[in-house]
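Single-structure report; data block below.
Each chain gets a letter, A, B and so on, in the order the sequences are listed, and its residues count up from 1.
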Amino acid sequence: MAEYTLLIILFAPFLGAVALILVPNQQALLVRAVAAAAAGISLLASFYLFFAYDPDKGGFQFVQRFPWSEELGIAFYVGVDGIGAPLVFASAILLFAGIFISWHIKDRAKEFYIFLLILAAATIGVFMSLDLFFLYFFYEMSVLPMYLLLGMWGSHTKGYLSMTDPEGKKLRDSVGFIFNFGSNSKEYAAMKLTLFLSAGAVAALMGILLIYHFSGLHTFDILVLREQAKFSDTLSWIIWLLVFFGFASIAPIWPLHSWSPVGHAAAPAATSMLHAGVLMKLGHFSIIRVAFEIFPETTRELMPIAAVLCIFSIVYGGLVAYFAKDTKYVIGYSSSSHMGYVFLGMAALDYISLTGAVIYMFAHALATGMLFAMAGWVYDQTHTRDIPSLGGLVTRMPFVAGCFVIACMASVGMPGTVNFIAEVMIIVGSWNKYPVQVIVAVLGIVLTMAYLFKMMRGLFYGKLDEGYEHAHDATGFVNRMPLLLMIVCSITFGLFPGHFYDIVQSTVVPMLDRINQTAPLVTQASPGLLP
Amino acid sequence: MMTFSLTLSGSDLLLLAPEIFLTLWFCLVLAVDFSMKEINHKTLAYLSVGGLSVTLLNLIWFDLSGVEGALFRNMFVLDQLAIFFKIFIVLATILVVLMSIDYVRNFRVFKGEYYVLVLMSALGMMFMASAQDLLSVFVTLEFSTFGFYILVAYLREDMRSSEAGLKFFILGVFVAGLLAYGISLVYGETGTLIFSEMVGTSGSYGLAIGFLLIFAALGFKIGAVPFHSWIPDTYQGSPTPVTAFLSIAPKGAALAILIRMFYVALATFKPMWVLLFVVASILSMTYGNIVAIAQKNIKRLLAYSGIAQIGNVMIGLAAGTKQGSDAIMFYLLTYLFANLGAFAVVIGVSNLIKSDEIEDYSGLNRRSPFLAAAMLIFLLSLAGVPPLAGFIGKLYIFVAAMEQELYTLLIVGLVNIVISMYYYLIVVKKMYISEPTDPSPLIISTPLKTAVCIGIAGTLFLGIYPKPFIDWAVSATLMFSNLAGQTAATQSVSSLLGG
């Protein structure tokens, strides 16, 4: 049974989505129960996965391989290493929490849960794929449900426009479609997100096809490719850049980030959670899985690009978040900014900083998930996301306010949360190589505090505005459980990071040994290669 | 001089069995229609589906038992490739007949003849798949188009249908002239009409012009740029089931001829025709996708999307390898299910709301979740989104092009995926995000639902488990295995193209 863990995690949401098709739309409770059951099975299995992963053995575990097409050299090949396992776990937590967060959706709830389950399952699929084809397959599959989730259950952004152009007309007509930063509709946000991510995916696909062709191995198997594929210098630079920028567009690295805050703002709460929590990590993860594994030398040569761009991500995202007036924009830009830390941790190519980067991805998933969940709650209660028009909600919703404080603390990296460990590791690990970036990153933390506390004050403290007297607190199991789940995970791993640290180390050390050329690749027998 | 031996043995007749059966069957349908005045046109439709199903089973039996052979001095050849395309055509025809049942009610007269003409066109296209000789190319191509000339203009009271018919007819006849002229030039240069006997002829201007003219005629059939001008108007004006038929079956049949002609007769001139296909493919994809963005009518949108899809298919032809032809054939299968499915939804919607405007698809998800979900699956498959069939088809074609290092073509193809995503999503947006003006639910008939369900099943199955179909395509083109060794010749061309 244990060897099928990954298949259970992956297929429980898919089968849940299929089962939902058969459930009649009127039976609202049954719809939610099926979705929650599917997500719950996935969560339990990923919990087991996370703790059963053996850090002493390292490498890829829970491996399953089924031939899919000999003609094209594709196998359905899944397995997790110390980077995949925590991310699978984080995806399952956010999916489960997201199902409960969106418990009150009335309009076409069945379709909502179907798309949400497909989105999460596809994301989980990327984190466990050991075959380039399936990595891309799941990656591209995760983009489309986003379009429908944003478009059908999202909300228009109004407050954002009022800053500059109340009508939005001038901006809408001036810059054209894609680069129209002024447009405020959810349809626009959804389309922009989908086209940006598809364009990025297509660039990465070009890189993958080049890998497939020029390795001459007639396989998409990452384990075979990383051991045997040899590329000329120019070619590996081209492929590396295609793969890096293709996947970094979802991460999102500056200057490819502009789809992301718009998308976050328009999305319903559960979608924002999954989007910021795990979908963005697909970028970092895929860069590590493809670029780091297959092109260790090129990674050493070209990773400084990320070190330069991450400064812009951190500063730009932080500054915009500080001045934004819309709760979801603040959190969205803060996510863009925080993803710069992950890039910094990756760019330093240091054991401590890369471990920190992986832990940060997990930590950020939980912290941002909480923030978006509560921003969604506030929006549901007040029907506005405009910070200046809100205030004093602590009297109406003390529980949510309390959780919000914890989430802000986690997001800025307070000791006791897992974010703290991650941030310290990134900063310590990259100090030797990139002192300037580290100084910027530390200032970025200060900036994070500034905008998060500013938003906290704007939402919950001060005078309660008229018209919000009827706002309710989160009460009952369904509403409180997802928030508590994320808080408990964040604090538990903050206080007891031992196992987490070990499993990430077990993968990061051999990977960096190869990149920094201190040790050759330790061959791991692939079931596909055995006679 | 050619001499024909017209004595057919029993085993020769066996090779023609599907065609002979279908000929007898459409005569039967016609006879039933004439003799029983009061017969419901539905009965005729099911009669046609029955005959087609028998033909399909016959062909599948051929495929499994490996029946092969050639007749009439190689004019008619039955090999795995021909069987593949015949199955493709028959399958498309079955789906089209199922979709037609609701639509044919709208015709004032000649309801029965409609099915006869569909079967006749299918028969012509089945012969096209077996054409191995330029004369039989001409005869079968005209035979299959003959039925379409009538079908396109079937809505006699509708001006647009008549216009579509006229456009299609005039251009079609013009193209027939080009084809005949091209054949005469090729015959003049080579002294033979049979593809396999042309191998190794030396190049000359006459030969090049001759084959360009033939390519133009076939390009007209598949709707490749610059021979596409008839497509949007004809697609929009024709009765929708005919549009669906026109959008898939003749393309398959013409591609069978294109593959045979270029892979067999012109194998030695590969570097030259690779360039031809690269250019035609880039033009078709880019033109089709960009113009599709501006469309307001779903049939026109699918028409332009079809032009773009043919551009994708020609990437496989440009690769010019066995893998390329395998990819084309697999791609056509994915296109069959997705495109016919999409047209089935269009028929369902237009039967109920009497409109083909994209605007009127607003809120389809609320009016008929089934139709909206089906359309979503078909459009996303056409756009190439996993886990749907179109994604595997596109990837297969791209892999084939990558193996030949056709970078320019690949980059254009990949950029076009993103462009096409935009207009498919516009339709999705209308169906799912926009609110309906009239929220009354839409209910479609059983035969149409069957066609849509077959489309969904095919699209999902080919996307999730394509192995059996890939293997089928691979085994159907075993005769092209020797083409794989000619990569060196293409590389010089691809380096010319900025590789």
Heavy-atom pairs under 4.5 Å with chain A, option from B/I392, B/V428, B/V474, B/V418 with the top count: B/V418
Under a 4.5 Å cutoff for heavy-atom pairs, which residue among B/I464, B/L388, B/I411 has the most contacts with chain A? B/I464
With a 4.5 angstrom heavy-atom cut-off, which part of [X] approaches chain B: side chain, backbone, both or neither?
X: A/F138; answer: neither
X: A/L210; answer: both
X: A/Y212; answer: side chain

For [X], is it the side chain, the backbone, both, or neither that has a heavy atom closer than 4.5 Å to a heavy atom of chain A?
X: B/Y432; answer: both
X: B/I419; answer: neither
X: B/I470; answer: side chain
X: B/L376; answer: side chain

Using ring centroids (six-membered ring only for Trp), state whether [Y] and [X] fall under 6.0 Å.
X: B/Y331; Y: B/Y396; value: no
X: A/Y77; Y: A/F133; value: no
X: A/F112; Y: A/W153; value: yes

Do the rings of A/W259 and A/H275 sit parallel, tilted or perpendicular, given the 30° and 60° boundaries? parallel
If you define the side chain from C-beta out and look only at heavy atoms, does anything of A/V34 sit under 4.5 Å from A/Y113? no
Which pair of non-hydrogen atoms, one from B/F378 and one from B/V452, has the smallest distance, and what is that distance? CZ-O, 3.6 Å
Quick one: which of A/V143, A/T194, A/L144 has the most heavy-atom pairs under 4.5 Å with chain B, could you say? A/L144
When you look at A/F134 and A/F76, which way does the ring pair (Phe, Tyr, Trp, His ring centres under 6.0 Å) test go after all the steps? CA-CA 7 Å; A/F134 273 100; A/F76 180 70; 5.0 Å; yes
